[in-house]
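In what follows, every chain begins at residue 1, and chains take the letters A, B, ... in the order their sequences are listed.
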Number of protein chains: 2
Amino acid sequence: MKSLQNRDVKRAVRSLFEPASVAVVGASDDPSKFGYLLMSNLLEFGYSGRIYPVNRNRETVFGLRCYPTVSAIPGEVEAVIVLVPAQHTPQIMQECVEKGVRGVIICTSGFREAGRDGAELEEKTLQIARKGGIRIAGPNTTGFLNAYNGFTSAFVKISRPRRGNVSVISQTGMFASVLLEHIMSTQPFGLSKVAGLGNKADIDDADVLEYYEDDEDTEVIVIYAEGIRDGRRFLEVSKRVARKKPIIILKSARSHSGGRAALTHTGSLMVRDEVFDAVCRSAGLIRVEDIEELIDLAKAFAFLPAPRGERVGVIAYTGAGCVMSADAVERYGLKLAAPTQETMERLRRHAPSFGILSNPLDAELVRQGVGDPQASLIISLEAFLSDPEVDMVSLVLVGLTKESKIWDVDIDVVFPKIRERFPEKPLVVTNLASRQVMDEYREKLEQLGIPVYPSLLRNIRALSALSNYYGRLRH
Amino acid sequence: MKSLQNRDVKRAVRSLFEPASVAVVGASDDPSKFGYLLMSNLLEFGYSGRIYPVNRNRETVFGLRCYPTVSAIPGEVEAVIVLVPAQHTPQIMQECVEKGVRGVIICTSGFREAGRDGAELEEKTLQIARKGGIRIAGPNTTGFLNAYNGFTSAFVKISRPRRGNVSVISQTGMFASVLLEHIMSTQPFGLSKVAGLGNKADIDDADVLEYYEDDEDTEVIVIYAEGIRDGRRFLEVSKRVARKKPIIILKSARSHSGGRAALTHTGSLMVRDEVFDAVCRSAGLIRVEDIEELIDLAKAFAFLPAPRGERVGVIAYTGAGCVMSADAVERYGLKLAAPTQETMERLRRHAPSFGILSNPLDAELVRQGVGDPQASLIISLEAFLSDPEVDMVSLVLVGLTKESKIWDVDIDVVFPKIRERFPEKPLVVTNLASRQVMDEYREKLEQLGIPVYPSLLRNIRALSALSNYYGRLRH
């Protein structure tokens, strides 16, 4: 029975990411309605399956033939999206059962998160679905999105995301859609799939993880969760998946008051935070504290190769950058690399006699020695990136303004070559500079697949996550 | 003797921020020289005192009469900036003594931070200065800057900073100048004074703190330090000053390897980090971990009034924002406010019946109730800001794109009124949105003196620093 149920849910999750046909209950031509925004997303994303608008009061929606009920649809319907008020859901679910639908995304809120009446309604809907062999995503979510085939149930206006290798599981749908816009406009990596799970009445993180496990377009998984329904299964599945693909998880509702807020948000019951921490450690999940860290690490894993160890080489164009980087390396449990004698002699040849070279490398000394910032940058990067004792490199720049005569470097010349010559070694960059210079560096370097962070602490935090994750895989 | 020395150093620090005349040893017309960049900064900043370029090989520099030595200058010289190689420093110092100079900024490096020979040179220079009653800033620093009178010894090209109420003490000069450009182009607050102290052979953090203590243009003090020369005096002075003005300190060289890097950077001896932590607690200093936090808190203190207590009201347009804010409030040792019955009833009148309102307030429910995002935002802000049980407010927005029909708010209408009506209550904002929308909100709100942070965690961290600092003052 259990394994049958598992096969069942796997099939249903696939149906919600890759449906051949979808019915939209609550589809609308009225721009103020969620049903309008959802339809407009689906059509603009170029979803290639069949779309059946369902709305009692309309003949057509967006020029498509509209049906009064799910039952009235002539053909097969693989997935259904529900946008109408909560009280209609049991009736719609009954029709879905009769229609042979596989998966239903209930976007509507007003269920368990809204108190006892809502909880009863949720339970009733779930019972109907269970009996009929239907699996439910939600309720209270924006549901699913697939950047590869253009399918989405997002009912706020969003743009189709760039395709990439990062997939998301988010308990809160609104959050997932906004996060999407945020990532698309601020980050260089692309997305593969997004699952908004809402109240998790049925389909849970573990179910989606099993789909991502085998999805070739997913290489990095990020999760936002307030509660986990079946802790044991989550541990078992996430442990297995984490050995194949990194899983970065932001689990909120850690505190007493956060737990209370989660109860009215997604109806989640609180898990003791120490317990969840233990689950993460045991499963090898990468737990983060906020969205900034979540995105920082997603970028690192989306772009960077596996480091061979935990030894960091730091190149900084400021003594303070050296000092703070050394602190950060220790704080995040990494080691400062001890470069080979050959590397250090090579660097010493370029530095003035009074300069004391070490790791962190004060590259300002190399600059003073060779007289040219660009040459000093290439010499320093090559020295550390080619050193077998250095597993990964953090570069700390101080860019100043463009007018500054001190820092005159053509990044289009330096970095493409560096990236090409040392593809197997993680390199991250930070640049403390004017906004204009920082933006320019970030855009250009990230286009080359080199992550840029706004602080050296975040550089080292990202390298630490990489090193920990891949280090664990080796053991 | 001691109090005389103290009077001495106070006068010298004043001379380095407000000199009536300055000699620049190493001034140059050659754009590749530091002496060029420094002169160009001084002239562009509109420094109104007398400038005496000193350079053996030139008749004029920037059209100003140039002197071969300090001794050759006809008039009085209050301050001297030294940019020539380290080995010439003792001789120059001797001339400064004879000339009756009060303060000398030694920008040159190659002293204690460069090993034994350098340490001897530093000691020799210091002895000459001590005997002659001269106080030294540096060596190995960009020295001083005063945004009010345009004086600077910065030898990398920078723009004159906006005037404001934040003053800086930084051990590393390069760092101070870059940080300046960074702050000017990314932050809304302005600066008053910057002191780069380098090796701190003589003038130390405590000396500059005593100047800032009485400086009317300084309301917030930020410090970057790798080492502190006289721990006892630092504790005594900073404790006194911190009761008048908040002192935010980033002390690096925390770790063993950070300490080693600091030794070759500014010749700083390591202080055990637990000891320094105890100093900060005892003196009431606000210790931060990195530059991002340093700037976050400087902005909060530069803009926000003192909260009356530690009770935070959170308004979030996303359930996840409520949950994570509640976690953050607990993590940073604050309390979630318990709004009055009146406030909650007022809000409930606007929300749909199924909505459960609390603090954190899920303002999305208010939006659904009133049907208009702008009205919901005003209702929510007014409710919490006018509530006597709420000491400060964190607003968590989810802005989406401009095209989104969901979030249609005219911030130019909402926030100026809010800011005007509730000037006595700290309000911070975060907006998870597309880059364009985030930039727009940040710029507009910060112009109104409302700090905007890129994450809700950083919102709460800033409020926590405010609440802790002002709370301590009340006890």
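B:H182 places no side-chain N or O within donor-acceptor distance of the main-chain N or O of A:S434, the cut-off being under 3.5 Å.
Taking CD of A:E181 as the reference point, atom CD of B:Q436 lies at 10.5 Å (rounded to 0.5 Å). A distance of 11.5 Å separates CE of A:M324 from CD of B:E289, quoted to the nearest 0.5 Å. Here A:S257 contributes atom OG and B:E330 contributes atom CD; the two are 4.0 Å apart, rounded to the nearest 0.5 Å. Distance check: A:L457 CG to B:I291 CD1 gives 10.0 Å after rounding to the nearest 0.5 Å. With rounding to the nearest 0.5 Å, the separation of CE in B:M438 from OG1 in A:T186 is 7.0 Å. From A:C322, atom SG reaches atom CZ of B:R260 across 12.5 Å, with rounding to the nearest 0.5 Å.
Of the two parts of B:S358, neither the backbone nor the side chain holds a non-hydrogen atom closer than 4.5 Å to a non-hydrogen atom of chain A. Residue B:M184 does not touch chain A at all, counting heavy-atom pairs closer than 4.5 Å.
Residues B:L179 and A:L432 meet the side-chain proximity criterion, which asks for heavy atoms closer than 4.5 Å. Within the 4.5 Å cutoff, side-chain heavy atoms of B:V323 are placed close to those of A:Y224. Proximity of A:R458 to B:E292: side-chain heavy atoms (C-beta onward) are separated by under 4.5 Å at one or more points.
Side-chain atoms of B:D327 and A:S255 include a donor-acceptor pair closer than 3.5 Å.
A 6.0 Å sphere centred on CG of B:D372 holds more than 12 heavy atoms belonging to other residues, nucleotides or ligands.
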